[in-house]
Trainee: 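The structure's right below; bear with me while I get my questions together.
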2 protein chains.
Amino acid sequence: MDLDTIRTFVVAADAGQFQEAAAELAVTQQAVSKRIAALERSLGVRLFTRTARGAELTIDGQAFLPHARELLRVAERAVASVHTGRRPLRVDVLASRSAQSGLMRGFHRAHPEIELDVVMLFDIETAVAALRSGAIDASFRAVAVPGRPLPEDIESVRVLDESLQLLTGPAHALAGARSVTVSQLAGHRIWMPGIVPGTEWAAYYADLVAEFGLTIEATGPNFGSDALLDTIADTPALATFMGEQTRLVWPADHGLRRIPVTDPTPVYPHSLLWHRDNPHPALATLRAHLATAAAGHGAAGTWTPGWVLPR
Amino acid sequence: MDLDTIRTFVVAADAGQFQEAAAELAVTQQAVSKRIAALERSLGVRLFTRTARGAELTIDGQAFLPHARELLRVAERAVASVHTGRRPLRVDVLASRSAQSGLMRGFHRAHPEIELDVVMLFDIETAVAALRSGAIDASFRAVAVPGRPLPEDIESVRVLDESLQLLTGPAHALAGARSVTVSQLAGHRIWMPGIVPGTEWAAYYADLVAEFGLTIEATGPNFGSDALLDTIADTPALATFMGEQTRLVWPADHGLRRIPVTDPTPVYPHSLLWHRDNPHPALATLRAHLATAAAGHGAAGTWTPGWVLPR
DNA sequence: GCCCGGCACAACCGGTGGTTGTGCACCTAG
DNA sequence: CTAGGTGCACAACCACCGGTTGTGCCGGGC
């Protein structure tokens with residue numbers, strides 16, 4: 001199916017005749033006739049009834065028309081999404097089910113008129129490069145990693161502290177606990193496949209390990225969260241960390257437990273990053289929205305790495 | 001832009017390599033390569049970075065991907081809309097801004113999961129034929145026109161009584177009235193272009209004229225509601241009837257007045273029609289919805305033609 | 001360093017989709 | 001009733017798009 005054909009259908013439906021549609025599309029009447037005939041053949045229904053003074057929509061044609069218009073609208077938005085200049089606000093998040101996506105959903109609910117595109121970059125270095133090049137407009141990252149200060153043309157504001165929770169299977173030694181302290185975790189194996197050395201999240205967990213003497217294993221390839229949850233559910237000796245706001249997709253609950261961690265509660269500090277000179281009008285709206293929506297975090301009894309800037 | 005190309009892009013993005021995408025699409029790797037290259041050329045951006053073990057999305061590619069998926073979803077729905085068997089519920093309404101559209105909007109709000117297609121047929125005869133052929137699933141019409149009884153396989157229920165209002169320009173003699181009685185309208189010219197003899201709405205207005213001695217002119221071609229409103233606004237001697245729930249689109253208010261009519265208030269009786277044997281599951285939902293939403297009409301002091309069945 | 005996996009380029013070819021030319025049906029005016 | 005005009009469809013022709021096969025190049029891994 002070809003969008004030119006769809007457009008031809010819409011123009012012909014609006015014009016009420018093929019002749020005029022052909023003129024508008026700068027092709028011959030015969031070409032319009034053939035396009036419509038091909039579309040009708042591929043759909044298996046008649047879209048127009050041909051009359052002596054034009055062509056009018058059949059019932060099927062009337063039903064199809066709004067869908068055809070929608071198709072053209074979506075196509076236009078798709079093209080605009082990669083068109084430099086007045087494109088949707090492009091935001092980099094950690095993962096599609098992370099707390100950051102929750103923030104973006106909240107922003108979308110508050111400003112449904114603002115077009116958004118969400119991408120997921122590798123690490124803060126990639127994100128900063130993308131911000132500077134204009135490839136993205138904003139990024140959620142943990143900032144101020146030692147040895148990797150933000151360039152001065154990149155600004156940031158801390159928008160959300162997310163508590164970490166322990167995720168275990170039903171047979172894990174701590175599965176029955178209402179909550180666990182960090183010191184209780186020493187000696188337990190915590191498995192976090194997919195941690196890549198050199199990234200800002202690796203730095204976060206490295207600090208967590210160093211400060212509290214935890215055992216975090218990053219071994220094995222990351223086969224996705226499904227495989228991770230599968231293994232956690234079936235392996236009594238393994239647990240993992242997960243943000244409290246992470247939305248798990250777990251068809252039948254395999255007995256997974258989400259257990260709060262205390263004394264102190266490790267929190268992951270999400271900051272919004274943007275380029276000082278980014279002119280996208282929606283960026284200011286996003287910043288304003290997050291400024292209001294992000295209150296009430298950073299409580300006592302929590303832990304972040306020492307390099308995290310105060311709020 | 002070709003939807004096959006879009007599908008190729010999505011499959012390649014999911015697969016992470018052209019080779020596998022080609023196998024899934026049953027074409028050669030070279031064909032995929034050419035399709036992607038053509039898409040990139042037409043969009044003016046690079047969508048994939050080619051690596052030694054496949055192709056991964058660029059930032060632009062990541063931004064484009066959800067739009068591409070949406071495009072395929074919309075295309076699928078478009079095809080389904082004309083596909084016999086498990087297609088959206090297809091409802092015939094009088095006009096896109098009529099009270100019936102309001103009912104359908106309410107239904108859609110109550111049941112957003114039900115797919116709807118709205119068409120506008122010529123008159124009740126066409127609608128009944130379309131109901132019997134299965135081309136539509138339901139129709140809003142005024143029923144029981146003399147000499148045109150419903151076939152026994154078509155069922156109906158009265159769902160909404162809509163009061164008529166007088167619409168005048170600012171210079172009309174009645175423009176200042178808070179309300180007018182039907183008898184006051186005698187002698188005034190009421191203009192309703194587009195009334196086609198033989199239709200059920202023509203029968204309604206014919207009865208209205210006969211009963212109260214009004215003057216309704218149906219002269220002149222119907223150039224659409226914009227042209228009608230334009231003329232009404234500028235012509236002191238002309239007024240027209242309009243349903244109280246009709247949504248007017250009138251950029252800058254040209255001083256149009258909507259004046260209630262009383263003693264009695266003419267109301268247009270909207271009934272829902274459907275075929276006795278129509279198996280569409282959403283049809284029962286629509287009937288149930290309208291049964292609850294349609295209460296509180298049919299008040300005293302209103303008028304309908306004698307042939308209208310009691311509620 | 002060699003092999004292998006994966007993408008791109010080249011050459012070739014068939015079919016799709018455009019054009020011009022023409023016929024036919026229907027409406028309308030005289 | 002007929003003649004003319006309008007508008008769509010069919011036929012023939014042709015160019016180019018989009019597929020194939022064949023091959024080269026690049027990068028990673030044993």
Side-chain angles (χ1 to χ4, degrees), chain A residues 1-58 60-61 64-65 68 75 122 196-198 220-222, chain B residues 1-58 60-61 64-65 68 75 122 196 220-222:
Chain A
M1 192 181 294
D2 180 12
L3 288 182
D4 277 344
T5 305
I6 300 295
R7 186 178 314 279
T8 303
F9 167 74
V10 171
V11 170
D14 288 342
Q17 60 176 33
F18 292 1
Q19 203 90 259
E20 192 180 327
E24 188 162 333
L25 296 166
V27 294
T28 60
Q29 164 266 316
Q30 290 88 334
V32 172
S33 179
K34 282 175 77 169
R35 284 184 188 176
I36 300 293
L39 180 61
E40 289 177 327
R41 189 155 19 85
S42 85
L43 291 175
V45 297
R46 210 116 171 100
L47 296 173
F48 287 97
T49 54
R50 279 72 165 171
T51 74
R53 62 185 165 286
E56 61 187 27
L57 289 173
T58 62
D60 281 318
F64 188 71
L65 182 57
F122 179 62
V196 180
N222 185 5
Chain B
M1 191 180 296
D2 179 12
L3 288 182
D4 277 344
T5 305
I6 300 294
R7 186 177 313 279
T8 303
F9 167 74
V10 171
V11 171
D14 289 341
Q17 59 178 37
F18 292 1
Q19 203 90 260
E20 192 180 326
E24 187 162 334
L25 296 167
V27 294
T28 61
Q29 164 266 316
Q30 289 86 336
V32 172
S33 179
K34 281 175 76 170
R35 284 185 188 175
I36 300 293
L39 180 60
E40 289 177 329
R41 187 156 19 86
S42 85
L43 291 175
V45 297
R46 208 111 169 105
L47 296 173
F48 288 96
T49 54
R50 280 72 165 172
T51 75
R53 59 184 167 287
E56 59 187 29
L57 288 172
T58 62
D60 282 317
F64 188 71
L65 182 57
F122 178 63
V196 179
N222 185 7

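Only a predicted model underlies this, so the values are computations on that prediction, with no experimental measurement involved. Chain naming here is simple, since letters A, B, ... match the order of the sequence lines and numbering starts at 1 in each.
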Trainee: Starting at CE of Met1(B), measure out to CG of Leu43(B) and round the result to the nearest 0.5 Å.
Mentor: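 CG of Leu43(B) is found 5.0 Å from CE of Met1(B).
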
Trainee: For Glu24(B), check side chain to side chain contact (heavy atoms under 4.5 Å, CB included) against everything at least two apart and list the hits.
Mentor: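 Testing Glu24(B) for side chain to side chain contact (heavy atoms under 4.5 Å, CB included), a comparison that skips the adjacent residues, returns Val11(B).
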
Trainee: Less than 4.5 Å apart, any side-chain heavy atom of Leu47(B) and any of Leu39(B)?
Mentor: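 They are in side-chain contact.
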
Trainee: Do any N or O atoms of the protein come closer than 3.5 Å to N or O atoms of nucleotides 28-30 of chain D, and which pairs are they?
Mentor:
none

Trainee: Suppose we screen for side chain to side chain donor-acceptor pair (under 3.5 Å). Which residues come up paired with Arg53(B), at least two apart in sequence or across chains?
Mentor: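 Residues passing side chain to side chain donor-acceptor pair (under 3.5 Å) with Arg53(B): none at all.
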
Trainee: Could you work out, with side chain to side chain donor-acceptor pair (under 3.5 Å) as the rule, every residue matching Asp14(B), not counting sequence neighbours?
Mentor: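 With neighbours one apart ignored, the set is Arg69(B).
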
Trainee: Quick one: list whatever passes side chain to side chain contact (heavy atoms under 4.5 Å, CB included) with Ala68(B), sequence neighbours left out.
Mentor: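 Ala68(B) satisfies side chain to side chain contact (heavy atoms under 4.5 Å, CB included) with Ile6(B), Phe9(B), Val10(B), Phe64(B) once adjacent residues are dropped.
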
Trainee: How close do Ala15(A) and Ala21(A) get, counting heavy atoms only, and between which atoms?
Mentor: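 For Ala15(A) versus Ala21(A), the nearest heavy atoms are CB-N, 4.1 Å.
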
Trainee: Without placing hydrogens or testing angles, list every side-chain donor-acceptor pair under 3.5 Å for residues 28-35 of chain B, not counting sequence neighbours.
Mentor:
{"residue": "Thr28(B)", "atom": "OG1", "partner": "Ala31(B)", "partner atom": "N", "Å": "3.2"}
{"residue": "Arg35(B)", "atom": "NH1", "partner": "Thr8(B)", "partner atom": "OG1", "Å": "2.6"}

Trainee: Can you tell me the distance, in whole Å, between the CD atom of Glu40(A) and the C1' atom of dC8(D)?
Mentor: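 Rounding to the nearest Å, CD of Glu40(A) and C1' of dC8(D) are 12 Å apart.
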
Trainee: Which residues in residues 8-29 of chain B have a heavy atom closer than 4.0 Å to any atom of DNA chain C?
Mentor: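 Those residues are Gln17(B), Phe18(B), Gln19(B), Gln29(B).
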
Trainee: I need the full list of ring pair (Phe, Tyr, Trp, His ring centres under 6.0 Å) pairs touching residues 16-36 of chain A, with sequence neighbours left out, sorted by first then second residue.
Mentor: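 Sorted pair list: Phe18(A)-Phe48(A).
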
Trainee: Out of curiosity, Ile36(B) CD1 to Thr5(B) OG1, how far, rounded to the nearest 0.5 Å?
Mentor: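 Spacing of CD1 (Ile36(B)) from OG1 (Thr5(B)) equals 8.0 Å.
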
Trainee: Can you give one letter per nucleotide of nucleotides 12-18 of chain D, 5' to 3': B if a protein heavy atom sits under 4.0 Å from the base, S if only from the sugar-phosphate, - if neither?
Mentor: -------

Trainee: Give every residue pair that meets the salt bridge (Lys or Arg N to Asp or Glu O under 4.0 Å) criterion with at least one member in residues 38-48 of chain B, sequence neighbours excluded.
Mentor: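 Counting only pairs at least two positions apart or across chains, the salt bridge (Lys or Arg N to Asp or Glu O under 4.0 Å) contacts touching residues 38-48 of chain B are Glu40(B)-Arg46(B), Glu40(B)-Arg50(B).
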
Trainee: Give me the first and last nucleotide of DNA chain C, going 5' to 3', that has any atom under 4.0 Å from a heavy atom of chain B.
Mentor: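 That gives a stretch of dG6(C) to dC9(C).
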
